[in-house]
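Here's the structure we're looking at; comments come further down.
For reference, positions follow the sequence shown, starting with 1. Computed from a predicted structure; not experimentally measured.
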Amino acid sequence: MVRVGGAPAVSAPEAVLRGIAPDGGLYAPERFPRFSLRDIVSLSKIGYAERASRVISPFFEELGEGVILPLCEGAYSRFDSSGPAPVKYIGGGDYAMELFHGPTLAFKDLALSLLPGLLAASAERLGEKSESLVLVATSGDTGKAALSGFSGVDGTRCVVFYPEGGVSEAQRLQMVTQAGGNVHVVAVRGDFDAAQRGVKRIFADGSIRDKVASGGRALTSANSINLGRLIPQIAYYLSAYADMVASGAVRAGEDLSFCVPTGNFGNILAAYYAMRMGLPVGRLICASNRNDVLTDFISTGVYDANRELRKTDSPSMDIIVSSNLERLLFESSGRDGGEISGFMESLRARGEFRVGGEVLADIKRLFWGASVGDAAARGEIAMRYRDSRYLPDPHTAVALRALRDYRAETGDESPCVAAATASPFKFGRAVASALLPNADGDDFALCAMLSDFTGIPVPPQIAALPESPIIHRASCLPEGMEGALIDILDAAAE
Ligand SMILES: *Cc1c(COP(=O)(O)O)cnc(C)c1O
């Protein structure tokens with residue numbers, strides 16, 4: 001592993017344990033393991049846990065396949081009978097890679113089912129005795145997936161901060177009803193960016209670090225700033241390609257495009273990393289909702305965060321500062337850590353930075369950006385259901401609409417795999433308003449109506465929510481996140 005800025009390189013287990021470099025920079029892989037076309041295509045012959053292990057293990061040479069494979073088997077046995085990443089044809093050359101068949105019904109499960117085991121194995125490898133204190137800022141789905149992954153895991157404690165009023169009702173209830181003595185949830189009276197800034201501030205705060213260390217704990221992150229989140233996500237892009245070759249949808253060696261509904265730029269960066277490992281990639285379509293800072297960046301090279309966050313039907317993408325873009329720029333600039341530090345410094349000081357020349361040209365050759373509003377996304381849900389009986393959630397609908405726009409503008413009709421990132425029943429209200437405009441009721445009544453209308457059962461994790469006791473009631477202002485964390489640690493020490 002290397003550090004994006006200039007700080008010293010650390011091992012992969014150390015990068016996972018720390019989450020973020022002491023000075024706030026992000027770790028990036030030191031090199032990308034190379035997979036031959038044969039290595040990739042042969043993944044179709046084995047189950048998902050083994051596929052994931054083959055992809056992840058070379059990044060963690062210090063742990064090895066003997067450690068990683070059993071962790072993957074444990075993590076991916078918690079998915080439903082569809083498996084972790086099935087690819088389905090949905091018409092017009094479009095495919096949906098469904099990443100929402102895990103315990104919390106969003107793609108975050110693909111990484112967060114595995115991260116607790118990776119952390120524990122990394123701690124053991126390094127002889128680290130401290131409890132891992134895992135901090136999470138969530139735009140909705142990471143929080144529940146982290147709570148579910150870490151609940152009851154020895155040697156860990158997990159604290160999730162979510163923006164009050166910034167998540168769907170199902171997302172909120174999924175979090176505040178999570179059982180487990182080592183997991184905690186705090187509502188922040190602000191938006192996701194405020195919560196993410198607060199977590200980064202806590203990481204950089206020496207006095208909190210000391211307090212945490214004196215309690216026998218070490219801070220880490222379960223956000224996609226942690227490489228332990230990103231590396232497991234690479235696996236499903238290679239897996240999808242292998243499945244597409246096996247089904248005859250693409251020829252071995254033919255380029256395949258991917259379309260990814262994007263917020264923090266983690267999922268689409270994993271696709272880019274897969275390409276660097278040898279995956280034949282055509283274009284990467286970066287789909288945003290009305291928070292369109294990435295779309296503007298791809299078209300102009302200016303990343304301008306000086307804009308108001310808008311609440312949309314796809315709250316997990318309501319983000320203005322997409323942390324993982326830093327890692328793409330690191331690669332595109334030829335690993336010029338100094339240049340990246342300059343961009344990040346400019347972002348902190350002026351709320352913007354600007355790339356140009358070869359770096360921008362390089363990004364534009366691969367990435368195509370589009371921004372999709374709520375009305376267009378709802379229209380897309382209705383169209384996909386009408387045309388192919390496919391029911392996307394609002395995030396997936398943003399991607400599918402962006403893909404439609406991409407095809408119209410470029411004339412590219414080659415196969416494209418869109419990441420389907422959440423179950424539609426996590427966002428019953430928005431999905432129902434697309435399909436059943438006259439329906440009325442709370443989110444759960446709307447899910448029941450949707451289920452009646454489509455014949456798709458409401459997932460049991462959602463159906464159980466209205467009856468589940470609320471366990472977590474803490475809330476704070478963005479500037480009170482440090483205090484909220486200390487309260488939790490003091491209570492846990494009693
Ligand atoms: C987190 C999330 C996204 C955005 O993924 P990033 O890795 O943050 O770009 C998209 N859709 C859903 C449903 C999510 O939970």
Side-chain angles (χ1 to χ4, degrees), residues 1-2 9-20 27-35 39-40 42-43 45-79 83-85 102-103 107-134 145-146 148-158 182 217-239 242 266 270 273-274 276-278:
M1 299 297 132
V2 293
V10 300
S11 71
E14 224 174 316
V16 170
L17 268 188
R18 289 189 187 171
I20 195 168
Y27 293 111
E30 188 161 17
R31 56 178 189 81
F32 292 97
R34 286 297 294 186
F35 272 48
D39 294 337
I40 298 171
S42 66
L43 293 174
K45 299 194 186 71
I46 52 182
Y48 190 81
E50 212 178 320
R51 296 181 192 189
S53 172
R54 283 211 191 152
V55 175
I56 297 166
S57 296
F59 287 97
F60 288 92
E61 282 167 339
E62 301 85 347
L63 300 178
E65 211 159 356
V67 171
I68 301 286
L69 178 59
L71 290 179
C72 289
E73 282 168 344
Y76 298 122
S77 67
R78 301 172 66 206
F79 285 63
F107 90 92
K108 308 294 199 289
D109 285 327
L110 274 290
L112 284 165
S113 300
L114 190 65
L115 186 63
L118 267 182
L119 260 179
S122 298
E124 198 183 312
R125 181 74 184 75
L126 297 171
E128 174 71 59
K129 297 281 182 300
S130 314
E131 177 182 273
S132 288
L133 176 60
V134 182
S148 157
F150 281 102
S151 175
V153 175
D154 284 345
T156 68
R157 184 167 298 280
C158 178
N182 66 329
R217 299 195 175 91
L219 278 180
T220 190
S221 162
N223 282 103
S224 52
I225 54 179
N226 191 323
L227 259 189
R229 269 287 297 283
L230 283 174
I231 290 170
Q233 294 180 357
I234 301 170
Y236 46 77
Y237 290 101
L238 295 149
S239 165
Y273 280 0
R276 296 293 303 268
M277 291 175 71

- Taking the side chain as every heavy atom from C-beta outward, state whether Tyr27 and Val16 have any atom pair closer than 4.5 Å. no
- Query: Which atom pair, heavy atoms only, marks the closest approach of Ser148 to Pro103?
  - Reply: OG-CB, 3.9 Å
- Taking side chain as C-beta onward, heavy atoms only, is Glu73 less than 4.5 Å from Glu50? no
- Output for pair (Leu115 CG, Phe150 CZ), nearest 0.5 Å, gives 4.5 Å
- Query: Can you check whether Val67 reaches Arg125 side chain to side chain, under 4.5 Å on heavy atoms?
  - Reply: no
- Message: Nearest 0.5 angstrom please: Glu65 CD to Cys72 SG, how far?
- Response: 9.0 Å
- Query: Looking at Phe59 and Arg31, what are the two nearest heavy atoms and their distance?
  - Reply: CE2-O, 4.3 Å
- Query: Does the side chain of Leu17 reach to within under 4.5 Å of the side chain of Thr220, using non-hydrogen atoms?
  - Reply: no
- For the pair Arg34 (side chain) and Arg276 (backbone), establish whether a donor and an acceptor sit closer than 3.5 Å, ignoring hydrogens and angles. yes
- Task: Quick one: closest heavy-atom pair of Ala121 and Leu63, and the distance?
- Result: O-CD2, 3.8 Å
- Minimum side-chain heavy-atom gap Ser113-Phe79 below 4.5 Å: yes
- Query: Looking only at heavy atoms, which two atoms of Gly74 and Ser77 are closest? And how far apart?
  - Reply: O-OG, 2.8 Å
- Task: Could you tell me whether the side chain of Leu119 reaches within less than 4.5 Å of the side chain of Val134, counting heavy atoms only?
- Result: yes
- Query: Any donor-acceptor pair under 3.5 Å linking the side chain of Ser221 with the backbone of Asn223?
  - Reply: yes
- Item | Over 12 non-hydrogen atoms of neighbours within 6.0 angstrom of CD in Glu62 | yes
- Item | Spacing of Asn182 atom CG and Glu131 atom CD [to the nearest 0.5 Å] | 7.5 Å
- Item | Spacing of CD1 belonging to Ile68 relative to CG belonging to Leu114, to within rounding of 0.5 Å | 7.0 Å
- Task: Decide yes or no for Tyr76 and Pro232: does some side-chain heavy atom of the first lie under 4.5 Å from some side-chain heavy atom of the second?
- Result: yes
- Judged by atom type as modelled, is there a donor-acceptor pair below 3.5 Å linking the side chain of Ser53 to the main-chain atoms of Ala49? no
- Message: The test is side-chain contact (heavy atoms from CB on, under 4.5 Å); show your working for Phe107 and Gln233 and say whether it passes.
- Response: CA-CA 9 Å; Phe107 90 92; Gln233 294 180 357; 3.4 Å; yes
- Message: Check whether Arg229 reaches the backbone of Ala222 with its side chain - one donor and one acceptor, N or O, closer than 3.5 Å.
- Response: yes
- Query: Rounded to the nearest 0.5 Å, how far does CG of Leu69 lie from CD1 of Ile56?
  - Reply: 10.0 Å
- Shortest non-hydrogen separation from Ser11 to Leu126 and the atoms involved: OG-CD2, 4.3 Å
- Item | Closest non-hydrogen atom pair between Arg51 and Ile46, with its separation | NE-O, 2.9 Å
- Could you check if a side-chain atom of Tyr237 sits within less than 4.5 angstrom of a side-chain atom of Val55, using non-hydrogen atoms only? no
- CZ/Arg217 to OG/Ser132 distance, rounded to the nearest 0.5 angstrom? 11.0 Å
